[in-house]
**Student:** 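Questions regarding the structure given below will be posed in turn.
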Amino acid sequence: MFMNSPTDENVSLSLTFLGKKILRSSSVAPALKQRAWETAAALPSDSDVSMETGRRAGRSRNSTAFLEELPGSVPDLREEVRRCPPCPVRNTHLDRDAAPALCEGKGSWLNRSRTKWTAFRQWVKVGRRANAVTGAREDTQPACARPKDWEEDGSNDVKIFIPYDSAKLCIAQPMLLLSWQITEDMQLMKTSHLEMVQELEENFQMASKQNQVPAALQELQITRLELGKVQEMLSPAEPEEQRPLVESSGTAQVDDTAEDLVEAGAEGGTQTPRGAAGKRPLEGAQARLENLKQNLYKREREITQFLQGDADGSGQEGEPTRQGCSALLNAVIHKAHCVYVEVSEARLLLDSMAEENQLELDRARELLEQLQTSAPQHGNAEEGTPKPERGDTDKEHQADLQTSQVMLQKAEIIHTALDCIRRGTRPGLDRAWETGHSTVEPGAEPDQDQLQLQQVREENKRTTENYNSERIMRKKYYNMVEDMKGKIRVFCRIRPMNRTETAGGSKPVVDCVDEYSVVVETPRGLKEFQFDKVFSTASSQEEVFQDTSRLIQSAIDGFNVCIFSYGQTGSGKTFTMVGDKDLRNPGIMPRAFRKIFDLIQENASKFDFKVSAYMLELYNDRLLDLFVSPAEAFGRKIEIKKDKKGLVFAQGAETMAAGSAEQLLALLEQGCANRHIAATKMNMESSRSHLIIGITIESTNLTNGSVSYGKLSLVDLAGSERAAKTGAKDDQLKEANSINKSLSALGDVIFALSSEQSYVPYRNNKLTQVMQDSLGGNAKTLMFVNVSPSDCNAEETLTSLTYATRVKAITNSAHKNLESKEIAHLKEIILKLRSGQPLEEEV
Ligand SMILES: Nc1ncnc2c1ncn2[C@@H]1O[C@H](COP(=O)(O)OP(=O)(O)OP(=O)(O)O)[C@@H](O)[C@H]1O
């Protein structure tokens, strides 16, 4: 290729060729290829080079920078070409001179090409070597200056003729040249990297050497601080001058010198002059530690002396302060008491030590008593025996006395210490010190502070008791007022844990705080509920009934009374209302029957009573009469109606008269036998229906003839249940759905009543229809909310208690169902006329 016009582009192309890039064949005219390779070494001036560089930078700054940086890049080569004399490979004549054999056709094409290429490279090297010899810098005049005639030519265009076959090699050679150059460059880079790494290592070593001393000092400073803290802990009442030097030297002095540290470690805490700088810092720290150890031993000795009653050294220098010892001793005894309480082995050990000590104490006291009473009797010595010298005997006796006193003191101190540890009480050593006694009895008179503390404690106790009793009274009166207002009363009963729950690893989470409050442990903390009465797991059936009996009196007096139990399945509703299966623990119903007839008996001289009862169950949304056989019951249609006074009655159900409690009990047993009961996962005898017993008590006042109608409704609701928990399937699932539906309807009624809504949805379910006169009606109502104590039922328990809290808000309007004598007489006449009976003439 030949470029006559040295445009930038052409220069670029030709230099690119020289600079190890292969020319693109498309830019080479085929005709020219045939002739020769011609390179226009444009030899641009410096300004041209900079212009060129700038333009390229505009196009691709990164690539340009890269080319300019690498040896053999475009500017490099340009410079090289500029410095060197024209290439001698101008034409094939050179070939002829250099290797005539080749020119004469000897040698292969490849050999000839190689020779020419070698000549070209030698020409390039000449320029480099010349540069190296003169040490010329790039910006100075090149050592291998251009021949003068060349400059005189005034032509910058130098034509380099490369034979075509050489050019072919040139096309191949740049690759070799490139790889060679890259290898060389990489070698250079590697060398420089190694140098850099070495330099960095040296720097790092120097820096770490510089840092080493401060780091060590810092470490030692921290050690000193820690030691200072240890000493502080060990000697709370230590005199000022014994405090660790660290306090005075400050905490952030990282640049402390080794001398400072030696100072800190000086023996006995006294300062060593700064001149003692030959010691190493660690030695100073060790000395300090040694000093601390010595202090600790000293303290231990002092305390031991103190405990042994060796107060002889009082007033001596270095004696521990009384407060310090007392505080420390208290702390030790407190810790020992904690261990005694918590570790059974320690308890055993201390108890056995106390027993041994007691024996020792008794022995020591006995011995001392003997010695005190048996003073040496010099005159009574038996005849014939040599009389000891009076002075010797006295001395011996005195010595024995002293020894036994010491023994007693020792035993008493140990006794005090053991007693304090066992009881966790503060030793009365301060008082012993003050009074000069070395021993203090466990029951020793407390000091003024203790007396005050005792008084405050007792006062607190009294105040708490007063508060509690007042709180209970307040609740009681509040309930009475609520009762008078007609509020439904709610009792809560917690049943005991059953075997399944205990075996399953459940734990109780429900507890009664007092007789009006119950708390449930929930994941979010304790939740407290207040009721008119709370019965704990320990409450008996009798106790539960006692609070209920007042209502039975109301029924006798002509009020409409309803007692019902509500709660999760298996929570103890039937147990509360009916009792256990064989009625060894009768519940409210049998007890109520007895109570009715007891009261009737009591009032027999004033009233005439008639008692009748019906017994229904609501099973799968059907009301069934329990006084007839199940088969017959399914054939009957029972409807809930209301009389003129708003009292509910069951039309179509048998009503049985009862003249005694036994008759009523028999009826109850008969009814319960007909009731639907089945075993579920939650309860072996789960009631699958709601049980409703209505007992009507008609009482006629024998004095004025007035008649009152009291009604006692006793309802044992079926338990709310989750099918998954009870394992209910098929028929049981149907039963459970019906139970839940009716309870939900009851919930709606309770919600409407408690929120005083104008419409109460009694008619939505047969259960709510039956209970209409008990909830919000003309009744005194008592609800039992039965709960399980177990954590596995905690969710249901919370639901039940929340439900029951709502019920408490409902107000009934209870009033006596009373008729005057006249009305009663007129009613009787109407009945007789209707039935066609003759009317008796009144006298
Ligand atoms: N206070 C209690 N003391 C001793 N045992 C009790 C107590 N309460 C309940 N139980 C026992 O727990 C079991 C379940 O009680 P109960 O049948 O009364 O539950 P329930 O609430 O009526 O259940 P369901 O709604 O399924 O009929 C019974 O064996 C019962 O004897």
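Each ligand, and each atom within it, is numbered from 1 in the order the structure gives. Note that the numbering runs from 1 along the sequence shown for the chain. These figures come from a predicted structure and were not determined experimentally.
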**Student:** Can you pull out the closest protein heavy atom to atom 26 (O) of ligand 1? Residue, atom name and distance to 0.1 Å, please.
**Tutor:**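 Result for atom 26 (O) of ligand 1: Thr569 OG1, 2.5 Å.
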
**Student:** Is the shortest side-chain N to carboxylate O distance from Glu542 to Arg591 below 4.0 Å?
**Tutor:**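 Here Glu542 pairs with Arg591 in a salt bridge, since their nearest N and O are under 4.0 Å apart.
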
**Student:** Any Lys/Arg nitrogen of Asp716 or Arg675 sitting under 4.0 Å from an Asp/Glu carboxylate oxygen of the other?
**Tutor:**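 Here Asp716 pairs with Arg675 in a salt bridge, since their nearest N and O are under 4.0 Å apart.
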
**Student:** Before we go on, tell me: are the rings of Phe535 and Phe491 under 6.0 Å apart, centre to centre?
**Tutor:**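 Yes, the ring of Phe535 comes within the 6.0 Å limit of the ring of Phe491, centre to centre.
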
**Student:** As an exercise, identify every atom of ligand 1 less than 4.0 angstrom from a heavy atom of Arg495.
**Tutor:**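 Matching atoms, with element in brackets: 7 (C), 8 (N), 9 (C).
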
**Student:** At what distance is the nearest protein heavy atom to atom 22 (O) of ligand 1, and which residue and atom is it?
**Tutor:**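 The protein heavy atom lying closest is Thr574 OG1, 2.7 Å.
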
**Student:** Run the numbers for me: atoms of ligand 1, each under 4.0 Å from some heavy atom of Ser687, listed by number.
**Tutor:**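 Once the distances to Ser687 are compared, the set is 24 (P), 26 (O), 27 (O).
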
**Student:** Ignoring angles and geometry beyond distance, decide whether Leu717 reaches within less than 3.5 Å of ligand 1 through its nitrogen or oxygen atoms.
**Tutor:**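 Between Leu717 and ligand 1, no N or O pair is found under 3.5 Å apart.
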
**Student:** Is a salt bridge present between Lys711 and Glu698, judged by a nitrogen-to-oxygen distance below 4.0 Å?
**Tutor:**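 Glu698 and Lys711: not salt-bridged.
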
**Student:** Tell me which one of Phe575, Phe535, Tyr566 gets a heavy atom nearest to atom 6 (C) of ligand 1.
**Tutor:**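 Among Phe575, Phe535, Tyr566, the closest heavy atom to atom 6 (C) of ligand 1 belongs to Phe575.
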
**Student:** Taking the non-hydrogen atoms of Pro496, is any one of them nearer than 4.0 angstrom to ligand 1?
**Tutor:**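 Yes; Pro496 lies near enough to ligand 1 that a heavy-atom distance drops under 4.0 Å.
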
**Student:** What residue and atom, counting heavy atoms only, is the protein's closest point to atom 29 (O) of ligand 1, and at what distance?
**Tutor:**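 Answer for atom 29 (O) of ligand 1: Asn683 OD1, 5.0 Å.
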
**Student:** What about Lys573: any of its N or O atoms under 3.5 Å from an N or O on ligand 1?
**Tutor:**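 N/O-N/O distance below 3.5 Å exists for this pair.
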
**Student:** In plain terms, say whether Arg636 and Asp625 are close enough for a salt bridge, that is, a side-chain N and a carboxylate O under 4.0 Å apart.
**Tutor:**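 Between Asp625 and Arg636 there is a salt bridge, with a charged N closer than 4.0 Å to a carboxylate O.
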
**Student:** Between Arg493 and ligand 1, which residue portion shows a heavy-atom distance shorter than 4.0 Å: side chain, backbone, both, or neither?
**Tutor:**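 The answer is the side chain.
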
**Student:** Hey, is ligand 1 close enough to Gly719 that some N/O pair sits below 3.5 Å?
**Tutor:**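 N/O-N/O distance below 3.5 Å exists for this pair.
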
**Student:** Please check atom 11 (C) of ligand 1 for a protein heavy-atom neighbour under 4.0 Å.
**Tutor:**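 Protein heavy atoms within 4.0 Å of atom 11 (C) of ligand 1 - there are none.
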
**Student:** Determine, using ring centers only, whether Tyr803 and Tyr566 are less than 6.0 Å apart.
**Tutor:**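 Here the rings of Tyr803 and Tyr566 have centres that are less than 6.0 Å from each other.
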
**Student:** Mark up the atoms of ligand 1 that fall under 4.0 Å of a heavy atom belonging to Gln568, in ascending order.
**Tutor:**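 Answer for ligand 1: 21 (O).
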
**Student:** Pull out every atom of ligand 1 sitting under 4.0 Å from any heavy atom of Ser571, numbered as shown with elements.
**Tutor:**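 Counting from 1, the qualifying ligand atoms are 19 (O), 20 (P), 21 (O).
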
**Student:** Can you find a protein heavy atom closer to atom 16 (P) of ligand 1 than 4.0 Å?
**Tutor:**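 Yes; the ligand atom in question has protein heavy-atom contact below 4.0 Å.
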
**Student:** Taking distance alone, with N or O pairs closer than 3.5 Å, would you say Asp716 contacts ligand 1?
**Tutor:**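 Min N/O separation from ligand 1 is not below 3.5 Å for Asp716.
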
**Student:** Would you mind running through ligand 1 and noting each atom that sits below 4.0 Å from a heavy atom of Gly572?
**Tutor:**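 Numbered from 1, ligand 1 contributes 8 (N), 9 (C), 15 (O), 16 (P), 18 (O), 19 (O), 20 (P), 21 (O).
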
**Student:** Consider every N or O of Ala718 and every N or O of ligand 1, then say whether any pair is closer than 3.5 Å.
**Tutor:**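 There is no such contact.
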
**Student:** Determine, for Lys637 against Glu639, whether the closest basic-nitrogen to carboxylate-oxygen distance falls under 4.0 angstrom.
**Tutor:**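 Counted as a salt bridge, because a side-chain N and a carboxylate O are separated by less than 4.0 Å.
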
**Student:** Considering the heavy atoms of Gly570, write down every atom of ligand 1 situated less than 4.0 Å from one of them.
**Tutor:**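 The atoms of ligand 1 under 4.0 Å from a heavy atom of Gly570 are 14 (C), 19 (O), 20 (P), 21 (O), 23 (O), 24 (P), 25 (O), 26 (O).
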
**Student:** With a heavy-atom distance limit of 4.0 Å, tell me whether Ser539 approaches ligand 1 through its side chain, its backbone, both, or neither.
**Tutor:**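 It is neither part, as no heavy atom is under 4.0 Å.
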
**Student:** With rounding to the nearest 0.5 Å, note down the distance linking OG in Ser790 to CD in Glu501.
**Tutor:**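 Atom-to-atom, Ser790:OG and Glu501:CD are 4.0 Å apart.
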
